[in-house]
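Read the structure below first, then the notes.
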Amino acid sequence: AQSVTQLDSHVSVSEGTPVLLRCNYSSSYSPSLFWYVQHPNKGLQLLLKYTSAATLVKGINGFEAEFKKSETSFHLTKPSAHMSDAAEYFCVVSRYNTGNQFYFGTGTSLTVIP
Amino acid sequence: EPEVTQTPSHQVTQMGQEVILRCVPISNHLYFYWYRQILGQKVEFLVSFYNNEISEKSEIFDDQFSVERPDGSNFTLKIRSTKLEDSAMYFCASSSDTDTQYFGPGTRLTVL
């Protein structure tokens, strides 16, 4: 079975400091993993994805994530937070090769303090 | 950049009424999905649709729910007789393959 656990429901950082949003996954198969971001009243926007190529994945807006199979983790990081990064972030796992069904984490709300 | 659109953004209905939520997927995409998020809970998969038929559905997607692609552009979710517990944000998504899904902004359904 597939599932994800986002370890923090809320994260607060100061502008210009690093961001770390934590995600652990469980999958019976080789997973595809994604991070999506949702700004208020907007849809879910893809930040980045891992699909069994390079373990360090770079996404949009300076975000990146590292797939660590030994730790079953896929944490999202950014070296320097910007005010516009304030949003809800979702870690998602899907079944490799069958795709279709996405399994979402509960989300992490990121606050950026000026 | 192409996007998935959904209408209406907010729908209020009385319990027992039928609702239809509409989605326009990205034009060259072949796979379509509905998800929902009850307030304070996870986003949950409802159904996926490919080649004019349901390819996968969750246990949430019971006989009260149906999906349709009535023309070449729209993808709809119908709830026949709404219940209070159907109140949620409903997200439509589409993909060109079985990998990355692109999501719409959601329809907030409120059942009174």
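Below, read A as the first sequence line, B as the second, and so on, with proteins coming before strands; counting in each chain starts at 1. These numbers come from the heavy atoms of this one structure, side chains and all, not from hydrogens, waters or symmetry mates.
Below 4.5 Å, heavy atoms of chain B meet heavy atoms from A:Phe104, A:Gly105, A:Thr106, all part of residues 104-114 of chain A.
Between B:Phe75 and B:Phe32, the ring centre distance stays below 6.0 Å. Ring to ring, B:Phe91 and A:Tyr36 are not that close: their centroids are 6.0 angstrom or more apart.
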Stepwise, does the side-chain hydrogen bond (donor to acceptor under 3.5 Å, both in side chains) test hold for B:Ser48 with B:Ser55? CA-CA 6 Å; B:Ser48 59; B:Ser55 49; 2.9 Å; yes
Run the numbers on B:Tyr90 and B:Gln11 for side-chain hydrogen bond (donor to acceptor under 3.5 Å, both in side chains), then give the verdict. CA-CA 11 Å; B:Tyr90 288 81; B:Gln11 173 91 45; over 6 Å; no
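B:Met15 pairs with exactly one of B:Asp86, B:Leu112, B:Val111 by the side chain to side chain contact (heavy atoms under 4.5 Å, CB included) rule, that one being B:Val111. The side-chain hydrogen bond (donor to acceptor under 3.5 Å, both in side chains) with B:Ser95 is formed by just one residue from the set B:Tyr102, B:Tyr50, B:Tyr33; it is B:Tyr33.
Interface residue B:Thr100: backbone and side-chain heavy atoms are both found under 4.5 Å from chain A. Proximity to chain B (any heavy atom under 4.5 Å) is restricted, for A:Gln38, to the side chain, taken from C-beta onward. Residue A:Leu46 touches chain B through its side chain alone, counting heavy-atom pairs closer than 4.5 Å. Neither the backbone nor the side chain of B:Glu3 comes within less than 4.5 Å of any heavy atom of chain A.
In terms of modelled atom types and a separation under 3.5 Å, the side chain of A:Lys68 and the main chain of A:His75 share no donor-acceptor contact.
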Which donor-acceptor pairs under 3.5 Å do side chains of residues 13-24 of chain A form with protein atoms, sequence neighbours excluded?
| unit_1 | atom_1 | unit_2 | atom_2 | d |
| --- | --- | --- | --- | --- |
| A:Thr17 | OG1 | A:Ser14 | N | 3.3 |
| A:Thr17 | OG1 | A:Ser14 | O | 2.6 |
| A:Arg22 | NE | A:Asp8 | OD2 | 3.0 |
| A:Arg22 | NH2 | A:Asp8 | OD1 | 3.0 |
| A:Arg22 | NH2 | A:Asp8 | OD2 | 3.4 |
| A:Asn24 | ND2 | A:Glu71 | O | 3.2 |
| A:Asn24 | ND2 | A:Thr72 | O | 3.1 |

